[in-house]
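By convention in this document, chain letters (A, B, ...) are assigned in the order of the sequence lines, proteins followed by strands, and residues within each chain are numbered from 1.
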Number of protein chains: 2
Amino acid sequence: MQLAPHDAAADSHAPSRAAHKIIMKRMEREPIRIEALKVACSSCNLRELCLPVGLSDDDLDHLDQLVGSRRPVKRGDTLFHAGDRFESLYAVRTGFFKTCVSADDGRDQVTGFQMAGELLGLDGISTDRHACDAVALEDSQVCQIPYSQLEKLSRESTPLQHQFHKIMSREIVRDHGVMLLLGSMRAEERLAAFLLNLTQRLQARGFSASSLVLRMTREEIGSYLGLKLETVSRTFSKFQDEGLLEVKQRDIRVLDESGLRRLVNGPAC
Amino acid sequence: MQLAPHDAAADSHAPSRAAHKIIMKRMEREPIRIEALKVACSSCNLRELCLPVGLSDDDLDHLDQLVGSRRPVKRGDTLFHAGDRFESLYAVRTGFFKTCVSADDGRDQVTGFQMAGELLGLDGISTDRHACDAVALEDSQVCQIPYSQLEKLSRESTPLQHQFHKIMSREIVRDHGVMLLLGSMRAEERLAAFLLNLTQRLQARGFSASSLVLRMTREEIGSYLGLKLETVSRTFSKFQDEGLLEVKQRDIRVLDESGLRRLVNGPAC
DNA sequence: CGGTAGGTTGACCACGGTCAAGTTGGGTGG
DNA sequence: CCACCCAACTTGACCGTGGTCAACCTACCG
């Protein structure tokens, strides 16, 4: 199932930064009452990507009742910090996040980038404390899902339980894919795999498969991919020289998707 | 909580390879009827590490009913392959496993090593197919847990549901730690972190914190750590030269644990 | 219009990969 | 029981990818 390409709520990737800024300015001028931000899961355009997948109308109503109001998170703001008490999961409604863990000595590692319909906070369940930071990379909105209530509801709704388990399992599978990337791919393959993953996810949300705006810095990409920012930058330039991409700072146009794909699936062939 | 150090069932790490062989020979001479292999969760020495954590006696009985008999898996045998239909989770009862994912071009990556009390197969939930191979690194036994029944029971038992979610979440947190390792640590730090993690887990199972037998090859360690086997071997030798370890093939004795710890938490200090 | 964060590019170098030769030790068959 | 075999491991020499350091550029913001 694919979402309508120009749904307003999920459109945050499409407009230029300038347009985006205008929208945000408008929101500041005309503050909306929190209650107005509440959008029912049942009418959410992300319901086919998010927690509600497979739920009956009845269950959906129950889910609606426990999902709190949409909460805005400004670009650069932290949704939760490592060590914070874990109480809720968050579904990204609009915008873009990164999660990162840090070692004792300060080094840190971006563990993922989350876009609309993806869940944040699953790491907190294990110890009742969040194990990573979640930071908004653009002005965003999240739906807060109190965890204890989700557990309760998923005892009553088999499809919800099942979907929730699937989402956790999918995160595990994704992580294993990242390990494969970090453990055995070279710089070019990593960046190609990263771009293909991003475009594929954007496409699933109704956006173009060939043009995207990176919401993260070269350093954040590098951290995620286990590379230094200079290497990321150089590799972008290389891809551009080879005609695979057009790179203008954070605006990327994919010119040769199959070329990227060839890079990932064995540079020997 | 710590398990008794010399419980027979969990003792597979302690005996030398020779002793282990003798035990295995004996098992072959005197085959035990499958039914006899069934060990109730309620009387399992791993119940404080495994799925039963926090369960009431009543819930434990229910869990006992759904957990199938112990199933032996020979060293080198595969418990499940990537692509196999997912039906059950498996709890390692004795022995040692690795899980690995493989890319289209054949490269593969060890994503984890599992010992007694740890769960295998969580990756299968997301797509109803296993996403990795699970291979026994020594003669092992697993408890088979039919997933649909586990879901059912965890709708009826809040503590079971909670514990199951914690286990999945813990796997996610672990994976993020591995990403940190793969993304930002150098060879020595990786190996030191790996050894500390192993000894810590063995210790939680009642074994010595300072001497261990590696059940995996240098190549498997390398795959897990994103290094080549030669680098693993060289780094072991280096640690030995520096007096951190005593290395005799797969027998490792940790001589300076805090030295290892210092390596991991910032080599600068 | 200047300041600053983010991005690009170059020169150099080191960590770890590659290739190759040699060693060790457990398992097998005569 | 010993000899042989092979997989696993070790070590050395060399090399390449990507890290480091530094200078410079670009876009955005106050």
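Contact annotation: B/Ser233 side-chain N/O to D/dT11 OP1/OP2 distance is not under 4.0 Å. Checking the phosphate oxygens (OP1, OP2) of D/dA7, no side-chain nitrogen or oxygen of B/Arg218 falls inside 4.0 Å.
The distance from atom CG of A/Leu225 to atom P of D/dG19 is 11 Å, rounded to the nearest whole Å. Look at CG on B/Leu137: it is 18 Å from P on D/dA7, rounded to the nearest Å. For A/Phe236 and C/dG6, the CZ to C1' distance is 13 Å, given to the nearest whole Å. The distance between atom CD of B/Glu219 and atom C1' of D/dC9, rounded to the nearest whole Å, is 11 Å. For B/Lys248 and C/dG25, the NZ to P distance is 10 Å, given to the nearest whole Å. In this structure, B/Leu245 places its CG atom 12 Å from P of D/dT10, rounding to the nearest Å. Rounded to a whole Å, the CG atom of B/Asp251 is 11 Å from the P atom of C/dG25. Following rounding to the nearest Å, B/Gln249 (CD) and D/dT11 (C1') show an atom-to-atom distance of 14 Å.
For the pair A/Glu230 and A/Arg234, the salt-bridge criterion is not met [side-chain N within less than 4.0 Å of a carboxylate O]. A salt bridge is absent between B/Arg93 and B/Glu118; no separation between the charged side-chain nitrogens and carboxylate oxygens falls under 4.0 Å. A/Arg215 and A/Glu138 are joined by a salt bridge, as a carboxylate oxygen and a charged side-chain nitrogen come within less than 4.0 angstrom of each other.
Closest to the side chain of A/Arg250, out of D/dC9, C/dT8, C/dG6, is C/dG6.
The C1' atoms of five pairs define one axis at each end of the helix from C/dC1-D/dG30 to C/dG30-D/dC1, and these two axes lie 40° apart (to 10°).
In this structure a side-chain-to-backbone donor-acceptor pair under 3.5 Å is present from A/Thr235 to A/Thr231. Judged by distance alone, the side chain of A/Asp84 and the main-chain N or O of A/His81 form a donor-acceptor pair under 3.5 Å.
With sequence neighbours left out, the side chain to side chain donor-acceptor pair (under 3.5 Å) criterion links B/Gln109 to no other residue. Remark: A/Tyr224 pairs with A/Arg174 by the side chain to side chain donor-acceptor pair (under 3.5 Å) rule, at least two apart or across chains. Scored by the salt bridge (Lys or Arg N to Asp or Glu O under 4.0 Å) test, B/Glu188 finds B/Lys238 as partners (sequence neighbours excluded).
Applying the salt bridge (charged side-chain N to carboxylate O under 4.0 Å, His left out) test to pairs two or more places apart or on separate chains, those with a residue in residues 216-227 of chain A are A/Lys98-A/Glu220.
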* To do: If a protein heavy atom is under 4.0 Å from the base, mark B; if only from the sugar-phosphate, S; if neither, -; do that for nucleotides 10-19 of chain C going 5' to 3'.
  => BB---SSSBB
